Amino acid sequence: MKKYPEYKQLNLPQISKDMLKFWEENSTFAKSVSSREGKTPWVFYEGPPSANGMPGIHHVMARAIKDIFCRFKTLQGYQVKRKAGWDTHGLPIELGVEKTLGITKEDIGNKNSPKYISVEDYNKACRKEVMKYTDKWEDVTAQMGYWVDMSDPYITYDNKYIESVWWLLQNLYKKNLLYKGYTIQPFSPAAGTGLSSAELNQPGCYRDVKDRTAVVQFKVSEASKVRIQSSKDDIYFLAWTTTPWTLPSNTALAVGKDIEYVFVNSFNPFNGKPQTVILAKELLNKYFSEKHTDLKFEDYKPGDKNIPFKIVGHCKGSDLAGISYEQLLPFVKPEGEAFKVLVGDFVTTTDGTGIVHIAPSFGADDFKVAKQNEVGSLTLVDRRGKFLPEVQDGVFLYGEEYVKEAYLSEEEKATEYAKQKKILEANGKIKDLKVYLSVDERIVLKLQEEGKLFKKETYEHSYPHCWRTDKPVLYYPLDSWFVKVADNRERLFNLNKEINWKPESTGTGRFGNWLENALDWNLSRSRFWGVPLPIWRSEDGAEQICIGSVEELQKEIENAIAKGMMKENPLSKFKAGDMSKENYDTFDLHKPYADSIFLEKNGKKLVRDSDLIDVWFDSGSMPYAQVHYPFENKELIDNKKYFPADFIAEGVDQTRGWFYTLHVIGALCFDSVAYKNVVSNGLVLDKNGNKMSKRLGNAVDPFFTLNKYGADATRWYMIANAAPWDNLKFSWTNIYEDENGKRIEGTEKIPAEILSKYKIVDGHSDGIEEVQRKLFGTLYNTYGFYALYANVDGFLIDEKNIVPVKERQELDRWILSKLHSLIKEVTEQYENFEPHRAARAIEEFVDEHLSNWYVRLSRRRFWKGDMSTDKKAAYETLHECLTVVAQLMSPISPFFGEWLYQNLTNPIRENAIKNNTPLQYESIHLTNFVKAEAAVIDVNLEQRMELAQKISSMILSIRRKENLKVRQPLQKIQIPILDKEIQTKIEAVKNLILAEVNVKEIEFVDESQTQIIKNMKLNFKTLGKKCGANMKAVQSFANENSAAIIKGIESYGQFTVPVNGAEIVLETEDVEIIPVDIPGWKVANNGPLTVALDVTLTEALRQEGLAREVVNRIQNIRKDKGFEVTDKILVKIQQNANLDTAIKNNLSYICSETLTGDLQLVQELSASNASTIEVDELITTLISIEKLN
RNA sequence: UGAGAUAUAGCUCAAUGGUAAGAGCACGUGCCUUAUACGCACAAGGUUACAGGUUCAAGUCCUGUUGUCUCAACCA
């Protein structure tokens, strides 16, 4: 006879290990996919993580979310393939290699460096580095129960993958969506390279620096002067700059369209000349003190500190547009139009003057506005960060000098200082120069002398620095390849409307807004380890080729060889059309190999553009590249079998990352969304809401967590605790140990110096422990209860022979109704990608309903008597609840769900297979998701039971107040009834209530029998429509006349309230009448319910109570002695005058409750073979219990 | 600076615009009723961040402020 396994204790980590072993031995994951062969696919794309970093707890969170829906959809019968992937390119990998090898970018390919490394070796190192933690990732994946196929992952550095990426690029190129242009990018002259925003966002890159800033005067040209004001004085625009070194490259000024500007007559503060200046009205008093409003112009003498001023005109920014001004520092004339006022939407009046100096080469906004207005630019700084030779006047500026002081070495500074001192002193500009003057300072001096300076000051602001050289970054125009995104915004935006975003606001807000303002995508990266841009150009730029496949490249090389541009074909071993791995391993498309390929077109030699492409393009290409589209699996994409994805999920930080690049590539290459549903999950923060970081010591090691609590509790905690898109404050306390074995608990952030002495050795999570107790512990116990009695009875589920639900008793039908309501709810929540709601619903069902109501109230059915239909029904009901719960929870807690299912069904597996019934599957993950049966759901029944639960709770509450133990039987509950329907409902569950609260009868009373004090509550929902603005009046009337209203409603079904001359008729639905008290009784209220308890104790009741105490003591002793629940016993109790009658009067009750075959009241028991029991405070006696035969 | 999110009990979270704001944990009290003390029950706990507004009615809608988180940027 097979039995249900019984356990001593719940051990979740062990369950995880056992089930993992089972899955591995039985290839359960593979079966869950193969068993759905031919079914509708549900397409999931795995966002590739980078294996050069250790997996963190946030990965567990993100992957749990992915896993949940993939498992759920599999259960629903879809085929869900999950191909793993690795993101292998990009800066973090390069940085990792450089750290490992102890080198910097300068050493790469630089033979003069002592640490020289060839690009080839460097890239080899990257290839190795990128898979550094692959085994850790595989461990965490297995341990957390994330099902993803890691046997054949897509790898972004793979030649096949790159080939698909090239194909996509060529596709864009052919559609004319790829172009070469230049943009302003952060650039480190010291390192000679552009910087990505990721690099700029390295900690410590933004630093507060003090800069020389200046408010500069731009003189309105004679031609424009007439247009704005007739004045004999010169007119100047005032513009503020924090980077005076960009002033020689100024080609325009920008104003805000709707900003108000004023014309102010005044004097130049440095040379005292009368002048008119233009600036934003709002900022007037920043430069002209209100105190000086009344100063007389006549009294002013050059050099006076207080300068008189007068506003002589107003206008809006738009009125200033087009006005031309004189070049401020005419070292070089720009090509094209320049030196006019433009309107820029970025102009504000938060600081400066409301007029912005525009140097298109050195600011992104500047560049944009200049381009829009077709204004030319000047780039008077070279890539080394030095002025061009032209920027010199022989006095203040000398040409070819660093524009930032920080770029000079101390030595250079000293030399420059000597030079400056000589020149400036010789020209009489400065008497005794003490220190090196920066370019900024000297430009300001020059402007001051030329009467073009209005104000100078030092200003502290944060400015980005190169993370490698520590030197300030410049914004500099760099050549790049762009994807034309801006022109296709509308299509991108409209396609986005087809995507179901979770949460919606990320889609419409963060993502939608981003699309609406999307700029062209800069693909170029000047790095070493990445996908090379497949574009070859002639030196003059006249000819270019964009390669879209290896075969094409091979042919072009052949051509180049034929034309003498190349000698050998590095792709000679490649056989076109052979898709084998071996064939694709015969070459490498990375640098430096790609750079040694030269092509030919129209007689010109073509050289590859040395840039790599943005790694985001790699990952955005994965829908196609993972299947080597279009070279293989063409139909999967073209016929939309494996595209677009039904579901993707990543962190919300991917909104402008992977989500965006997938969307752009899908839209531009295939005019389709790339995914239909997307969950953008929030971050995992530490328990105080701080970002986790290793540096601060508040990071959570997923391996500790998984080892300690197992995957199920961890996953459940993370899912149930917060919506996926809300940040999760992860409850976790690290435990540190120093070298002497001393342990401390990390509750707050640990300072680095302490952290360095300690090692994290363990930790604990209050949150996970709660889940473990509350959900898994409860479920474990419930299963244990089932197994215990089923084994005693030798009961096994027989799917072919089940008591029809209709024939089961109220309690069974109730829990089944609850169960099927739960199925409905959980299905909906999973369908809606709201796993936290599913989890919470399951928790409530298990704890509140199944364990603490159904099992508690059904207990005796499981052990009383022989196998009856009712008993069988109880087993079947509980079995169904447990198996269904196991399935509902299995997407979230796959190990425990599996464990529970197997315990419940392994004993009957063979039969189920023979009978082809639902429990035939060896794993829960191969089963079919249950469907809620409408016929089983009985809302009325659920309401009835809720009444029973509420009433019980209310009675218990009265008992507690009155200090009456539940074990003490009481005579009567009274429930005042105003509504017969409620009475009917309560009648149906009467016996459950009585048993639960240990009372003998319920009496329903109405006013004919007893006085009931009533209260009323207005139903504002129905009254709102009726009363509108009169609501308040009705309300106050009702407060004062509640008795009359109650009477009116009860007698006539309506009551007329006079308000403000009108009349409002209250009807039954508008008023809720609630009984609140029965005078003379102990009463409890809960919403519309009121119950009263008769607390008088008769002698009979008291005796019965004592009998129950005795039963309880006997049960305890049975348990202490380790008797089986089926053992019959002989009980001897030492006589006690206060107890004997109670025992005699309740003898049969005591005996049947305790399986006592014989109960004897004896004169005396020897203390040596009897136990002392205290029945209540006053009664103590001795008792002995023996097993009968 | 911009965009998005968020702010409810000590903590973690609920609450179709309807008037007594709910759970769980922690705390307190009482209970070992043949599943479960890793349990059960009962209590206590709130100016719904702040300030305005819309509405008969606001935790909920609108505006502003403040705090926190994320992303993007840092430009005069």
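Since we're looking at a predicted model, the values are computed, not measured.
The separation between Lys729(A) atom NZ and A26(B) atom P is 19 Å, rounded to whole Å. Rounded to an integer number of Å, the gap from Glu6(A) CD to U36(B) C1' is 14 Å. Atom CG of Asp726(A) and atom P of C13(B) are 7 Å apart (whole Å). The interatomic distance linking Glu962(A) (CD) with C42(B) (P) rounds to 16 Å, in whole Å. For the pair Glu770(A) CD and G24(B) P, the interatomic distance rounds to 10 Å; values are reported in whole Å. Between Gln185(A) atom CD and C75(B) atom C1' the separation is 16 Å, expressed in whole Å. The CG-C1' distance, from Leu779(A) to A35(B), rounds to 12 Å in whole Å. Rounding to whole angstrom units, CG of residue Asn998(A) and P of C31(B) are separated by 16 Å.
Applying the 4.0 Å criterion to OP1 and OP2 of U36(B), one finds that Tyr780(A) has every side-chain N and O outside that range. When the side-chain nitrogen and oxygen atoms of Arg773(A) are compared with OP1 and OP2 of A26(B), one or more of them lie within a distance under 4.0 Å. Using a 4.0 Å cut-off, some side-chain N or O of Tyr475(A) falls inside it from OP1 or OP2 of C74(B). Contact between the side-chain N/O atoms of Asn852(A) and the OP1/OP2 oxygens of C40(B) is found at a separation under 4.0 Å. For the OP1/OP2 pair of A43(B) and a distance below 4.0 Å, the side-chain nitrogens and oxygens of Ser957(A) include at least one atom meeting the criterion. Remark: Arg837(A) is in phosphate contact with A15(B), judged by side-chain N or O atoms under 4.0 Å from OP1 or OP2. Between Lys774(A) and G24(B) there is no side-chain N or O to OP1 or OP2 distance below 4.0 Å. Within the 4.0 Å cut-off from OP1 or OP2 of A44(B), not a single side-chain nitrogen or oxygen of Arg960(A) is found.
Pair assignment for G45(B): none, as no Watson-Crick or G-U wobble contacts are both less than 3.5 Å. A21(B) is unpaired under the Watson-Crick or G-U wobble criterion, no partner having all donor-acceptor distances under 3.5 Å. Shown here, A51(B) forms a base pair with U63(B); the pair counts as Watson-Crick or G-U wobble because both key distances fall under 3.5 Å. The partner of C74(B) cannot be assigned: no Watson-Crick or G-U wobble pair with both contacts below 3.5 Å exists in any strand.
Using a 4.0 Å cut-off between charged nitrogen and carboxylate oxygen, Glu769(A) and Arg773(A) do not count as a salt-bridge pair. Between Glu825(A) and Arg840(A) there is no salt bridge, since none of the side-chain N atoms of the basic residue sits less than 4.0 Å from a carboxylate O of the acidic one.
Nucleic acid contact for Asn963(A): none, since no nucleic acid atom lies under 4.0 Å from a heavy atom of the residue.
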Item to complete: Evaluate the salt bridge (charged side-chain N to carboxylate O under 4.0 Å, His left out) criterion for residues Glu1109(A) and Arg967(A): first the C-alpha distance (whole Å), next the side-chain angles of each, then the deciding distance (0.1 Å), finally the verdict.
Response: CA-CA 7 Å; Glu1109(A) 296 292 344; Arg967(A) 228 177 278 139; 2.5 Å; yes

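The base of A41(B) does not come close enough to the side chain of Ser953(A) for any donor and acceptor atom to sit less than 3.5 Å apart. Arg859(A) contributes no side-chain N or O that forms a donor-acceptor pair with the base of U33(B) under 3.5 Å.
Stacking here means ring centres nearer than 5.5 Å and ring planes tilted less than 30 degrees, and by that measure Phe1020(A) stacks onto U19(B).
Other residues, nucleotides and ligands place no more than 12 heavy atoms under 6.0 Å from the NZ atom of Lys1082(A).
Aromatic ring centres of Phe862(A) and Tyr786(A): separated by at least 6.0 Å.
One finds the CG atom of Leu779(A) at 7.5 Å from the CG atom of Leu850(A) (value rounded to the nearest 0.5 Å).
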